[in-house]
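Take a look at the structure set out below.
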Amino acid sequence: MSKGISASISHLIDRVEALTPKSDSYHTFLCVLDASGRSQNLESRSNQNRLFDFKFQSLAQDDGQAGLSGRKRIDLLLRVRYDIGGDLGLLERMIAEDSSQLINSLKQPNYNFDQTGIVSLIPNQASLSEIQNDPSQVGYLLNLPLTLLYLEE
């Protein structure tokens, strides 16, 4: 596998899936769109906590000094689905804990640069949005925007 966007995203997926949640540790993080085959999108699923995907918010752009470094920048959105739980207050606390844990894990510097090409990752302000597939089922998406700096090989 060469350095670049594919190796970078695979590394980030592995990092998120390796997390052990603080609350409700029976529902761990699982990527649903990991480029390994066709799968339902996050909004089409139900009765799941911590299913996630990475969406491209922009395509790669040059981030080097006068274009000499080869470093690229891309904006990603980490989306995590939640819709199990009768106690909305508990669910909101769980989402807040997960948001904090995801930020801490994703911004840590051990990016395995030789394999992934990741230089740095900058998490931005997380937000929460509602999904309503049918009137009886409401789900929530934790949205965590990220800026990824990487080198392409």
Side-chain angles (χ1 to χ4, degrees), residues 1-22 27-84 91-92 94-134 137-153:
M1 184 181 294
S2 64
K3 293 180 191 176
I5 192 63
S6 183
S8 298
I9 291 177
S10 291
H11 178 77
L12 296 176
I13 288 170
D14 291 345
R15 189 174 271 199
V16 172
E17 286 185 336
L19 290 174
T20 301
K22 288 175 136 184
H27 294 102
T28 58
F29 293 95
L30 178 66
C31 186
V32 294
L33 294 175
D34 61 359
S36 64
R38 238 181 125 97
S39 180
Q40 279 186 324
N41 66 15
L42 211 51
E43 292 85 355
S44 299
R45 305 209 174 223
S46 61
N47 297 312
Q48 301 287 327
N49 280 350
R50 296 191 179 100
L51 294 181
F52 73 94
D53 65 13
F54 282 96
K55 290 285 188 187
F56 291 95
Q57 295 295 98
S58 68
L59 296 178
Q61 61 183 333
D62 184 69
D63 192 57
Q65 302 266 339
L68 299 176
S69 75
R71 188 170 76 184
K72 302 287 192 292
R73 173 183 294 258
I74 194 164
D75 293 318
L76 301 171
L77 181 65
L78 170 60
R79 304 179 323 146
V80 185
R81 183 180 179 109
Y82 298 86
D83 60 359
I84 296 176
L91 188 61
E92 286 176 345
M94 185 171 64
I95 293 169
E97 284 177 349
D98 287 354
S99 175
S100 179
Q101 190 176 25
L102 288 164
I103 289 169
N104 288 342
S105 176
L106 291 171
K107 73 175 187 173
Q108 293 199 7
N110 184 16
Y111 295 120
N112 194 7
F113 175 77
D114 291 337
Q115 297 295 316
T116 66
I118 296 175
V119 175
S120 182
L121 184 132
I122 305 160
N124 296 301
Q125 178 66 48
S127 64
L128 191 60
S129 58
E130 205 173 271
I131 306 170
Q132 189 143 9
N133 288 339
D134 63 66
Q137 182 67 41
V138 176
Y140 299 93
L141 280 181
L142 167 61
N143 300 294
L144 179 58
L146 311 162
T147 300
L148 176 68
L149 304 174
Y150 67 98
L151 290 174
E152 191 78 52
E153 185 176 88

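Side-chain atoms are counted along with the backbone in the values below, which use heavy atoms only and exclude waters and symmetry mates.
- The CZ atom of R50 sits 8.5 Å away from the NE2 atom of H27 when rounded to the nearest 0.5 Å.
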task = Report the C-alpha distance between L151 and I118 in whole Å, list the side-chain angles of each, state the deciding distance to 0.1 Å, and finish with yes or no for side-chain contact (heavy atoms from CB on, under 4.5 Å).
result = CA-CA 6 Å; L151 290 174; I118 296 175; over 6 Å; no
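- Here the side chains of R79 and F54 are not in contact, with every heavy-atom distance at 4.5 Å or above.
- Not one N or O on the side chain of S99 forms a donor-acceptor pair closer than 3.5 Å with the backbone of I95.
- Residue-environment remark: CD (E130) exceeds the threshold of 12 foreign heavy atoms within 6.0 Å.
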task = Dump the intermediate steps for side-chain contact (heavy atoms from CB on, under 4.5 Å) on L19 and L102, then the final yes or no.
result = CA-CA 8 Å; L19 290 174; L102 288 164; 3.5 Å; yes
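- Residues D53 and L78 are not in side-chain contact: their nearest non-hydrogen atoms beyond the backbone lie 4.5 Å or more apart.
- Here the side chain of T147 pairs no donor or acceptor atom with the backbone of D75 at under 3.5 angstrom.
- Of the possible donor and acceptor atoms, none in the side chain of Q125 sits under 3.5 Å from a partner among the backbone N and O of L144.
- Taking 4.5 Å as the limit, some side-chain heavy atom of E17 sits within range of a side-chain heavy atom of L30.
- Rounded to the nearest 0.5 Å, atoms OH (Y82) and CG (L51) are 10.0 Å apart.
- Using a 4.5 Å heavy-atom cutoff, the side chains of L128 and L141 are not in contact.
- In this structure the side chain of F56 reaches within 4.5 angstrom of the side chain of I74, judged on heavy atoms.
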